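Structure record follows, encoded as structure tokens.
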Amino acid sequence: MDLRIFTEPQQGASYETLRQVAVCAEELGFSAFFRSDHYLRMGDGSPLPGPTDAWITLAGLARDTTRIRLGTLVTPVTFRFPGPLAISVAQVDQMSSGRVELGLGAGWFGDEHHAYGIPYPEEMADRFDMLEEQLAIVSGLWATPVGETFSFEGARHSVRDSPALPKPFQQPAPPIVMGGSGKVRTPRLAAKYAAEWNLPFSSLETVVEVRASVLAACQKIDRDPASIVTSAAQVLCCGADDAEIVRRAASIGREVDELRENGLCGTPSEIIERLTTWAEAGASRCYLQILDLDDLDHLRLVAAEVLPHAATL
């Protein structure tokens, strides 16, 4: 199983903090560093130092790292127009020599839109319409051969005679990651556009159920179901012993019993056992959400005691 590091910097993290985590994750052998794309803290606590922009952060990390893959989990379509988004992601892909992945989703957190003047369609169906059009436009811009133009007519976004530049470093395009538990539109869009389908912070039973819909959607359009990666994302709380587990849970304001139920919580052997059940259910990748970004020893423990075993799952 491929293990990736996932952060939520809107909860309080500067670029320098994120850089330290990404560089440490790279040095320890994790395959990717992903971050959420949000502009507002969720829940109680200090909002300092304030938000960092996801794609500006990843542009910096593209130059401050050399191997680790970089991406968002996920960028809301409400934040950026599809053309500028395609340009930004292609540029960061060039800056990283082809290490970028685009997680794209419908968005859900209305408060952050209102806080920073971003229009927010209240109806989920409207945001899914935006998502479908943006997937078509971003994919179409990247796929258009150099020297040709790209056009698209949509209800919310239209593109006319675009030179479809710049091109990303990766060819034919950076992988697109789609997440969500919807059973109709999400599977259909994932099957059509995504290299990976991710279900964050959900039970194993939910992953199995929705994954079946994604695979069925692939078959419906004659896509090999094995060509789409299934991944999960879980809050990580790993400790060498019970005392360390309790300390790490307390540092992120969570209870150990709750984390054992809803996250990846326990000793390294317990984490490996949980990852094994996910692998048996079809997941080949897991995003380990790190909430205490100052605790780099957390990463070191998982890299030493879990990562080698995960590679065999």
Side-chain angles (χ1 to χ4, degrees), residues 4-26 30-42 46-109 111-120 130-131 134-135 137-138 141-142 157 165-170 173-179 198 233 287 289-291 293-294:
R4 297 180 158 191
I5 299 303
F6 172 42
T7 65
E8 288 204 343
Q10 79 278 356
Q11 299 302 97
S14 65
Y15 175 78
E16 181 57 26
T17 296
L18 294 170
R19 187 194 69 80
Q20 291 175 359
V21 176
V23 169
C24 182
E26 179 172 74
F30 292 98
S31 69
F33 174 89
F34 271 56
R35 58 156 291 163
S36 62
D37 194 351
H38 285 294
Y39 287 131
L40 199 66
R41 180 183 175 88
M42 300 168 194
S46 170
L48 295 176
T52 51
D53 182 86
W55 286 101
I56 290 176
T57 297
L58 294 176
L61 293 177
R63 310 305 286 181
D64 284 342
T65 59
T66 60
R67 178 197 59 81
I68 200 164
R69 295 191 67 78
L70 304 165
T72 53
L73 204 64
V74 294
T75 286
V77 294
T78 50
F79 281 7
R80 299 167 182 87
F81 291 116
L85 177 63
I87 291 171
S88 295
V89 177
Q91 183 177 0
V92 178
D93 195 48
Q94 292 172 358
M95 294 168 68
S96 68
S97 297
R99 293 183 285 125
V100 159
E101 302 182 18
L102 171 61
L104 198 59
W108 62 272
F109 191 23
D111 287 352
E112 66 185 336
H113 295 72
H114 306 319
Y116 287 99
I118 304 169
Y120 181 67
M130 292 175 64
L131 174 62
Q134 290 213 18
L135 286 165
I137 292 170
V138 171
L141 289 168
W142 287 344
H157 300 292
L165 297 172
K167 296 303 181 192
F169 184 94
Q170 295 175 88
I176 289 176
V177 182
M178 285 192 61
N198 174 268
Y287 293 82
Q289 188 184 53
I290 307 296
L291 295 178
L293 300 182
D294 295 317

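These values consider heavy atoms only, across backbone and side chains, with no hydrogens, waters or symmetry-generated copies. Just so you know, these numbers come straight off a predicted model, no measurement behind them.
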Working for side-chain contact (heavy atoms from CB on, under 4.5 Å), residues Trp55 and Val100:
CA-CA 10 Å; Trp55 286 101; Val100 159; 3.8 Å; yes
Between Tyr15 and Ile56, does a side-chain contact (heavy atoms from CB on, under 4.5 Å) hold up when you go through it step by step?
CA-CA 9 Å; Tyr15 175 78; Ile56 290 176; over 6 Å; no
Exercise: identify the closest heavy-atom pair between Met178 and Leu135
SD-CD1, 3.8 Å
Starting from the C-alpha separation in whole Å, work towards a yes-or-no answer on side-chain contact (heavy atoms from CB on, under 4.5 Å) for Gln10 and Leu40.
CA-CA 6 Å; Gln10 79 278 356; Leu40 199 66; over 6 Å; no
Side-chain (Arg99) to main-chain (Ile68) donor-acceptor, under 3.5 angstrom
yes
For Ile290, is there any backbone N or O sitting under 3.5 Å from a side-chain donor or acceptor partner on Thr7?
no
To the nearest 0.5 Å, tell me how far [X] [atom1] sits from [Y] [atom2].
| X | Y | atom1 | atom2 | value |
| --- | --- | --- | --- | --- |
| Thr65 | Phe33 | OG1 | CZ | 9.5 Å |
| Leu141 | Leu165 | CG | CG | 9.5 Å |
| Gln91 | Leu58 | CD | CG | 12.5 Å |

Set of side-chain contact (heavy atoms from CB on, under 4.5 Å) partners for [X], sequence neighbours left out:
| X | answer |
| --- | --- |
| Pro51 | Tyr39, Tyr116 |
| Ser97 | Phe169 |
| Pro49 | Ser14 |
| Arg67 | Glu26 |

Quick one: ring-ring contact (aromatic ring centres under 6.0 Å, His included) partners of His113, sequence neighbours excluded?
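Here the qualifying residues are Phe79, Tyr120.
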Hits for ring-ring contact (aromatic ring centres under 6.0 Å, His included) against Tyr287, two or more places apart or cross-chain, chain-then-number order -> Phe34
Decide whether Arg80 and Ser88 meet the rule of one side-chain donor and one side-chain acceptor closer than 3.5 Å.
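The answer is no; no qualifying pair exists.
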For the side chain to side chain contact (heavy atoms under 4.5 Å, CB included) test, which of Arg35, Met42, Arg41 pairs with His38?
Met42
Checking side-chain contact (heavy atoms from CB on, under 4.5 Å) for the pair Leu102/Trp142: CA distance, chi angles, key distance, verdict?
CA-CA 12 Å; Leu102 171 61; Trp142 287 344; 4.0 Å; yes
